[in-house]
Amino acid sequence: MKKAISLALTAAMALSLAACGGSGSTASSAASTETVDPSTASGTLKVMLSEEPTEGDAFSTVLHKWAEETGNEVEIMVIPYDDQLTKFPLMAKNKDLPDLISTTRLTHLYPDEFTDLSEYIDPAIFDQNALQIISQDYTSDRAICLPQQFTITNVFYNKTAFEAAGIEAPTVDDRWTMDEVYDAARKLQESGAVKYGMAMDASRARYDNLMYMNGGSLVEKDGDSFKVTVDSEQNIATLQTFIDANNEGILPKAIWAGGSSDNPGDYFKNGDVGIYFSGSWNYNTFRSDITSFEFGVMPSPVGSEGGSAILGGAGLAVPAEAAHRDLAVNFLQWFYTEDNFAYYLSLDKGLSGVKNVSYQPDDPVIAADYAVLQAETEQVSERFKVDESSEWRNYYDNEYRDALKQAVNGDLTAEAALNEFGTALAEKAGWAH
């Protein structure tokens with residue numbers, strides 16, 4: 001159910017926020033390509049979120065800050081994500097729209113209902129991988145959804161175990177190959193420093209990085225359509241290597257064979273895993289929960305065709321028929337200035353979709369980890385973006401992960417598992433194979 005919350009702005013809050021920094025210049029001072037006159041953009045900004053903001057919520061705080069600085073007001077309406085998908089078209093039909101929306105999918109489902117923000121904010125200020133993936137728009141020059149926050153796949157490592165095994169971690173400028181990762185995992189295990197050399201979330205999004213870095217993909221472009229390539233020779237070879245590593249005991253096989261519902265993140269937190277393939281969403285939890293050993297973030301490895309990382313998150317969009325559309329644009333122009341977006345990141349403690357602006361922790365160890373996490377955005381593969389543009393998950397989703405698990409468990413060979421899934425996907429989607 002929709003909840004409306006009027007956010008009263010007090011002088012005390014204004015003073016406390018002002019102490020944290022002013023509005024600053026636009027990220028690349030020419031971020032605005034069409035200026036909205038603040039004197040004509042005033043009133044109450046209605047913002048739609050999918051969750052109730054908690055106390056100290058980063059985005060709610062910056063909304064307060066903008067309102068106080070500009071003399072405007074903010075009203076937040078909360079509609080859960082699933083309800084947004086059905087209620088938004090009704091809101092558009094009844095012309096009862098919010099002015100600003102934080103969304104992960106609405107702009108993709110209803111692109112014609114949203115403002116092209118490239119008329120007001122230069123898209124060049126954004127990390128282009130983040131902009132494309134969050135907007136889920138891989139073909140047009142429109143910018144109807146701008147990056148707000150995102151997470152990305154990454155690799156954690158047990159620093160204490162690395163030191164005990166005499167292993168030096170790779171760097172952003174000198175990344176390991178996947179073969180070197182497997183070799184390091186063996187050495188870690190043989191040293192007795194950990195029970196398992198490495199572990200990986202039982203998620204196809206984590207496994208797929210192995211596929212992309214070796215030049216594989218689920219599909220490829222085929223004119224105006226797609227061709228299924230999930231059972232290509234390089235994909236079969238990548239899966240077979242992963243199966244062999246599980247059989248060797250480098251990884252806890254039960255996780256990927258389907259024999260356990262254990263979370264490999266718990267294995268890592270307990271000190272049982274040396275190298276853990278997961279994502280940036282775990283970082284702050286690990287910082288607070290891990291006390292028995294030192295850990296860090298290592299750059300993701302590369303394969304025969306380069307690196308790979310998978311990114312996903314939420315963006316900000318303005319309905320074209322919003323009552324206070326200009327006010328929403330005014331907020332976005334303010335939000336994406338260097339100072340204000342940096343302030344937002346200092347509260348959110350997340351990754352940045354704006355070039356040359358990033359979270360800067362005071363702790364040098366944490367700052368070094370965030371530098372590695374931020375650098376992962378450069379590893380996003382074009383093959384991943386082609387797969388995403390195909391929307392293959394509209395036809396099958398968990399079936400793909402199940403096929404991988406069957407192969408790891410030995411129920412099917414790598415070739416048979418991928419071929420069966422590829423055949424089923426091609427038939428259901430009507431694509432070549």
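- Donor-acceptor pairing under 3.5 Å is lacking for the side chains of Thr377 and Asn129.
- You'll find the ring centres of Tyr344 and Tyr336 outside the 6.0 Å limit.
- Of the N and O atoms on the side chains of Asp272 and Asn270, not one donor lies less than 3.5 Å from an acceptor on the other residue.
- The side-chain hydrogen bond (donor to acceptor under 3.5 Å, both in side chains) test applied to Asp222 returns no partner, not counting sequence neighbours.
- Proximity of Pro319 to Glu113: side-chain heavy atoms (C-beta onward) are nowhere separated by under 4.5 Å.
- Looking at Arg393 and Glu388, a side-chain N of the basic residue comes within less than 4.0 Å of a carboxylate O on the acidic one, giving a salt bridge.
- Using modelled atom types and a 3.5 Å distance limit, the side chains of Asn282 and Ser278 yield a donor-acceptor pair.
- Neither side chain, Glu294 nor Thr160, offers a donor N or O lying under 3.5 Å from an acceptor on the other.
- Annotation: side chain to side chain donor-acceptor pair (under 3.5 Å) contacts involving residues 138-147, sequence neighbours excluded, comprise Asp137-Ser140.
- Val386 has its side chain within reach of Phe226: a pair of non-hydrogen atoms, C-beta onward, lies under 4.5 Å apart.
- In the model, Gln379 has no side-chain atom that pairs as donor or acceptor with a side-chain atom of Ser381 under 3.5 Å.
- Residues Lys65 and Tyr343 meet the side-chain proximity criterion, which asks for heavy atoms closer than 4.5 Å.
- Atom OG of Ser280 sits about 12.0 Å away from atom CG of Asp369, to the nearest 0.5 Å.
- Between the side chains of Asn330 and Trp66, at least one donor N or O lies within less than 3.5 Å of an accepting N or O.
- Rounding to the nearest 0.5 Å gives a distance of 4.5 Å between CG of Leu251 and CE of Met198.
- For Lys227, the NZ atom is loosely surrounded, since the number of other residues' heavy atoms within 6.0 Å does not exceed 12.
- Crowding of Glu180 atom CD: a count of heavy atoms from other residues, nucleotides or ligands under 6.0 Å exceeding 12.
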Practice item. Any chance you could lay out the ring-ring contact (aromatic ring centres under 6.0 Å, His included) test for Trp431 and Tyr395, step after step, and finish with the verdict? Key: CA-CA 11 Å; Trp431 295 334; Tyr395 306 103; 5.4 Å; yes
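- The closest donor-acceptor contact from the side chain of Asp231 to the backbone of Gly422 lies at 3.5 Å or more, if one exists at all.
- With hydrogens and angles ignored, the 3.5 Å screen pairs a side-chain donor or acceptor of Gln234 with a backbone N or O of Gly215.
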Practice item. Please report the C-alpha distance between Leu418 and Leu404 in whole Å, then the side-chain angles of each, then the deciding distance to 0.1 Å, and finally whether the side chain to side chain contact (heavy atoms under 4.5 Å, CB included) criterion is met. Key: CA-CA 8 Å; Leu418 294 179; Leu404 297 174; 4.1 Å; yes
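- Here the side chain of Asp122 pairs no donor or acceptor atom with the backbone of Ile125 at under 3.5 angstrom.
- To the nearest 0.5 Å, the span separating CG on Asp402 from CD on Glu399 amounts to 6.5 Å.
- Ion pair Asp183/Arg186 flagged as a salt bridge, since at least one NZ, NE, NH1 or NH2 atom sits closer than 4.0 Å to an Asp/Glu carboxylate oxygen.
- Look at Lys385 and Glu382 and you find a salt bridge, because one of the NZ, NE, NH1 or NH2 atoms lies within 4.0 Å of a carboxylate O, short of that distance.
- When the ring pair (Phe, Tyr, Trp, His ring centres under 6.0 Å) test is applied to Tyr283, the partners found at least two apart in sequence or on another chain are Phe295, Tyr370.
- Annotation: side chain of His64 is not in contact with side chain of Asp57 (no heavy-atom distance under 4.5 Å).
- Within the model, atoms CZ of Phe341 and OG of Ser352 stand 4.5 Å from one another, a figure rounded to the nearest 0.5 Å.
- One finds the OG atom of Ser390 at 11.5 Å from the CD atom of Glu220 (value rounded to the nearest 0.5 Å).
- Counting only N and O atoms by type, the side chains of Asn394 and Glu391 include a donor and acceptor under 3.5 Å apart.
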Exercise for review: Just do the salt bridge (Lys or Arg N to Asp or Glu O under 4.0 Å) check on Lys46 and Asp99 with the steps written out, would you?
Suggested key: CA-CA 5 Å; Lys46 186 186 291 187; Asp99 305 309; over 6 Å; no
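- A salt bridge is defined here as a Lys NZ or Arg NE, NH1 or NH2 lying under 4.0 Å from an Asp or Glu carboxylate O, and Arg206 with Asp201 meets this definition.
- Side chains of Leu332 and Leu100 form a contact here, defined as non-hydrogen atoms less than 4.5 Å apart.
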Review point. Yes or no on side chain to side chain donor-acceptor pair (under 3.5 Å) for Gln360 and Ser358, after CA distance, side-chain angles and deciding distance?
Key: CA-CA 6 Å; Gln360 299 293 327; Ser358 61; 2.7 Å; yes
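- In this structure, Glu233 places its CD atom where only 12 or fewer heavy-atom neighbours from other residues, nucleotides or ligands lie under 6.0 Å away.
- Checked options Ile101, Thr107, Leu106; the residue passing with Cys145 is Thr107 (criterion: side-chain contact (heavy atoms from CB on, under 4.5 Å)).
- Side-chain contact check for Asn209 and Thr153: at least one donor-acceptor pair (N or O, by modelled atom type) lies under 3.5 Å.
- Salt bridge Arg175/Glu376: present, at least one basic N to carboxylate O contact under 4.0 Å.
- Within a 6.0 Å sphere centred on CZ of Arg105, heavy atoms belonging to other residues, nucleotides or ligands number 12 at most.
- Checking side-chain atoms of Thr423 against main-chain N and O of Glu420 turns up no donor-acceptor pair under 3.5 Å.
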Exercise for review: Please step through side chain to side chain contact (heavy atoms under 4.5 Å, CB included) for the pair Val155 and Ile275, ending with a clear verdict.
Suggested key: CA-CA 7 Å; Val155 184; Ile275 302 169; 3.4 Å; yes
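- Contact check for Val181 versus Tyr157: no side-chain heavy atoms found under the 4.5 Å cut-off.
- Shown here is Lys159, whose NZ atom has more than 12 heavy atoms of other residues, nucleotides or ligands within 6.0 Å.
- Ring-centre distance between Tyr110 and Phe88: below the 6.0 Å cut-off.
- Side-chain contact, Asn284 with Lys349: no donor N or O sits under 3.5 Å from an acceptor N or O.
- Using modelled atom types, one finds no donor on one side chain facing an acceptor on the other under 3.5 Å when comparing Tyr120 with Asp326.
- For the residue pair Tyr359 / Asp348, no side-chain donor-acceptor distance below 3.5 Å is found, with atom types taken as modelled.
- Residues Thr70 and Asn72 have side chains that bring a donor and an acceptor to within less than 3.5 angstrom of each other.
- In this structure, Pro301 and Met213 have side chains that are in contact, with non-hydrogen atoms separated by less than 4.5 Å.
- Shown are Phe277, Tyr207, Tyr182; of these, the ring-ring contact (aromatic ring centres under 6.0 Å, His included) with Phe242 is made only by Tyr207.
- Side chains of Leu45 and Leu63 form a contact here, defined as non-hydrogen atoms less than 4.5 Å apart.
- With values rounded to the nearest 0.5 angstrom, Thr103 atom OG1 is found 8.5 Å from Gln136 atom CD.
- Counted by atom type alone, Ser118 and Asp116 present one or more donor-acceptor pairs between their side chains at under 3.5 Å.
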